[in-house]
Amino acid sequence: MSTSGQPQFRYTQTPSKVLHLRNLPWECIEEELIELCKPFGKIVNTKCNVGANRNQAFVEFADLNQAINMVTYYASSSEPAQVRGKTVYIQYSNRHEIVNNKGPGDVPGNVLLVTIEGVEAGDVSIDVIHLVFSAFGFVHKIATFEKAAEHVGSCHLRISYSAHTDLNIKFQSHRSRDYTNPYLPVNPTAIEGFAQPAVGPDGKKKELESNVLLASIENMQYAVTVDVLHTVFSAFGTVQKIAIFEKNGGTQALIQYPDVTTAAVAKDALEGHCIYDGGYCKLHLSYSRHTDLNVKAYSDKSRDYTIPESGLLAMQQAPGVPAAATVWQNPQASPMFPGSEFAGGGAMPAQSSAGRVPSWDPNMQAGRPTFVSVPRTFPGQTYALSSVQAYASASTPGGSSPLVQSGQISSTMSPLGVSQPVHQPNMRPGGSLPPGQSPYYVTKVSRTWVRSHTSQ
DNA sequence: AGCACA
């Protein structure tokens with residue numbers, strides 16, 4: 001021991017719950033390791049086919065004593081540990097845990113998690129997905145869902161393994177198929193695809209609603225920033241995301257609310273109105289075919305307000321949020337995706353369901369006649385106005401302030417309108433409102449203000 | 001037969 005090298009060759013190694021196995025057949029698979037080791041305890045991790053010859057492996061026990069039991073057993077056993085007839089040499093590893101470089105998506109399984117990047121939802125139909133993957137064998141089932149992406153790029157497939165072994169498909173629809181069950185009911189509205197116009201009870205085609213509004217901005221004399229849009233559209237509810245872009249030489253914006261109801265109220269209230277007095281920046285609103293925008297969290301052209309900037313902020317968001325708000329928000333969406341059902345393999349971080357879809361008034365959205373949410377005072381409401389006025393001085397010449405002098409809107413955004421709480425907590429959704437006084441308006445302005453400003 | 005992975 002005068003030389004300080006080769007310490008790992010000593011059999012005086014300190015015990016570890018990780019064991020190092022040598023002389024394995026290179027074909028050895030994880031199941032064989034588990035077979036060999038599990039009589040001694042619970043195996044929490046393995047790594048096989050290690051080393052240049054792929055004939056080594058590591059096994060991690062839940063408990064140190066289990067590893068000790070295995071080492072001591074084979075140290076005195078007349079029957080050596082064997083895999084496929086080869087004697088396996090077992091020692092304590094010099095590490096105390098197996099670092100698994102492989103994420104959950106790397107664990108092989110029969111279900112693939114496919115992420116299609118750089119396309120809008122619905123651009124790649126389920127039939128196309130089926131066709132592509134059928135090239136490699138019979139596709140049993142497909143379930144699709146939308147997930148906010150970090151970035152937009154060209155159309156690429158990212159494929160990993162899902163943690164699921166089976167998909168629970170409830171309907172055949174444009175979002176999900178079960179090719180093994182011909183008797184599965186078809187969701188008649190969903191199978192058509194959400195690009196199809198819906199037909200109302202009167203037989204007339206009605207505009208397909210969405211929680212995302214497309215705003216075309218006409219006569220854009222003044223800059224319309226994300227902040228200005230946020231201020232304007234927050235008057236009707238929580239604005240989740242905004243994206244501004246150029247199209248056909250004009251400026252358009254997408255404004256995402258948590259639900260269709262809020263978007264509808266905003267659309268009706270703002271359609272044809274101007275952000276600035278004097279006919280500047282006139283808004284034309286329609287429903288987008290998007291239900292969830294893929295936007296940069298913070299840029300000059302986009303904002304994602306759903307990304308919590310602190311844990312505290314996340315806690316301030318409404319409790320009791322439905323797991324998958326988009327399901328009931330979109331009348332065309334099939335009702336078979338209760339949130340995390342397909343969220344295996346790290347497809348959806350836990351925050352993506354509850355944290356991402358703050359819907360502050362689920363009772364109203366569910367169409368129930370009464371509000372359960374407690375009416376309260378809104379200390380932020382006067383600030384909502386002042387934030388509007390701030391834009392007036394900051395971004396427009398001559399003190400023309402956003403939405404301050406344009407008919408119905410100005411009456412609620414005016415100091416008088418805001419300082420008088422007109423909140424009527426038991427008003428039915430869709431009930432007739434006093435002209436220019438929407439209960440959504442005042443309450444949601446203040447709430448949104450509090451939320452967005454406390455986050456900065 | 002003798003310690004992975006970035």
Side-chain angles (χ1 to χ4, degrees), chain A residues 1-115 117 147 149-151 153 156-165 344-352:
Chain A
M1 281 302 176
S2 56
T3 60
S4 58
Q6 318 158 327
Q8 68 269 42
F9 284 45
R10 298 172 304 195
Y11 49 88
T12 55
Q13 290 163 298
T14 58
S16 164
K17 53 184 168 51
V18 180
L19 298 184
H20 178 220
L21 288 72
R22 292 174 283 123
N23 202 37
L24 291 158
W26 67 268
E27 309 96 315
C28 177
I29 58 174
E30 184 184 39
E31 281 67 25
E32 291 169 297
L33 287 180
I34 293 172
E35 259 336 282
L36 178 68
C37 302
K38 78 175 181 201
F40 300 93
K42 181 175 159 58
I43 295 144
V44 294
N45 210 345
T46 66
K47 185 184 279 281
C48 53
N49 308 115
V50 163
N53 297 325
R54 300 174 61 77
N55 60 355
Q56 301 172 40
F58 298 92
V59 172
E60 179 177 342
F61 283 98
D63 189 79
L64 177 63
N65 287 326
Q66 297 166 349
I68 293 173
N69 284 343
M70 183 166 184
V71 169
T72 54
Y73 174 84
Y74 282 113
S76 59
S77 170
S78 55
E79 301 272 310
Q82 287 190 331
V83 169
R84 303 194 189 199
K86 284 193 76 178
T87 296
V88 177
Y89 302 91
I90 303 170
Q91 286 180 297
Y92 300 114
S93 172
N94 52 23
R95 301 190 198 181
H96 286 86
E97 64 176 357
I98 292 176
V99 292
N100 49 338
N101 54 334
K102 60 182 178 189
D106 299 317
V107 179
N110 61 320
V111 178
L112 295 177
L113 173 66
V114 180
T115 307
E117 299 174 320
K147 175 181 177 294
E150 286 77 45
H151 59 92
H156 281 146
L157 293 183
R158 218 176 60 229
I159 302 178
S160 63
Y161 293 105
S162 168
H164 294 264
T165 56
M348 291 178 175
Q351 58 116 333
S352 72

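What's counted below: heavy atoms across the whole structure, side chains too, no hydrogens, waters or symmetry copies. Remember, predicted model here, so these are calculated numbers, not experimental data. Proteins come first, then strands; the chains are lettered A, B, ... in the order of their sequence lines, and each starts at number 1.
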I need the full list of salt bridge (Lys or Arg N to Asp or Glu O under 4.0 Å) pairs touching residues 61-72 of chain A, with sequence neighbours left out, sorted by first then second residue.
none
Selection: residues 48-67 of chain A, any non-hydrogen atom under 4.0 Å of DNA chain B:
A/Val50, A/Gln56, A/Phe58
Below 4.0 angstrom from OP1 or OP2 of B/dC3, is there any side-chain N or O of A/Arg22?
no
Please report, rounded to the nearest Å, how far the P atom of B/dC5 is from the CZ atom of A/Arg95.
9 Å
Of the listed nucleotides B/dA4, B/dG2, B/dA1, the one nearest the side chain of A/Tyr89
B/dA1
Please state how far atom CG in A/Asn23 lies from atom P in B/dC3, giving the value in whole angstrom units.
13 Å
From NZ of A/Lys47 over to P of B/dC5, roughly how many Å is that when rounded to an integer?
6 Å
Tell me the interatomic distance from A/Tyr92, atom OH, to B/dA4, atom P, rounded to whole angstroms.
20 Å
Applying side-chain contact (heavy atoms from CB on, under 4.5 Å) to A/Val114 and not counting sequence neighbours gives A/Leu112, A/Ile116, A/Phe133, A/Leu157, A/Ile159
Check A/Cys48 against A/Ala57 and note the closest heavy-atom contact, atom names and distance.
CA-CB, 3.8 Å
Going by salt bridge (Lys or Arg N to Asp or Glu O under 4.0 Å), name the pairs with one or both residues in residues 66-85 of chain A, residues two or more places apart or in two chains.
A/Glu32-A/Arg84
Could you tell me which residues satisfy ring-ring contact (aromatic ring centres under 6.0 Å, His included) with A/Phe40, sequence neighbours excluded, listed by chain and number?
A/Tyr73, A/Tyr74
Roughly, in whole Å, what's the span from CG in A/Leu21 to C1' in B/dC3?
11 Å
Got a sec, which residues hit side-chain contact (heavy atoms from CB on, under 4.5 Å) with A/Glu60, two or more places apart in sequence or on another chain?
A/Lys17, A/Val18, A/Val44, A/Asn45, A/Glu97, A/Ile98
Tell me: CG of A/Asn94 to P of B/dC5, nearest whole Å?
14 Å
What residues, two or more places apart in sequence or in another chain, satisfy side-chain contact (heavy atoms from CB on, under 4.5 Å) together with A/Glu35?
A/Lys38
Report the distance from atom CH2 of A/Trp26 to atom C1' of B/dA4, rounded to the nearest whole Å.
19 Å
Under a 3.5 Å distance rule, please check whether A/Asn23 uses its side chain to pair with a backbone N or O of A/Asn55 as donor and acceptor.
no
Atom-to-atom span, CD of A/Gln91 to P of B/dC3 - whole angstrom:
9 Å
So, with a heavy-atom separation below 4.0 Å from DNA chain B, the residues of residues 72-87 of chain A are none
Residue set satisfying side-chain contact (heavy atoms from CB on, under 4.5 Å) with A/Thr115, at least two apart, ordered chain then number -> A/Glu117, A/Arg158
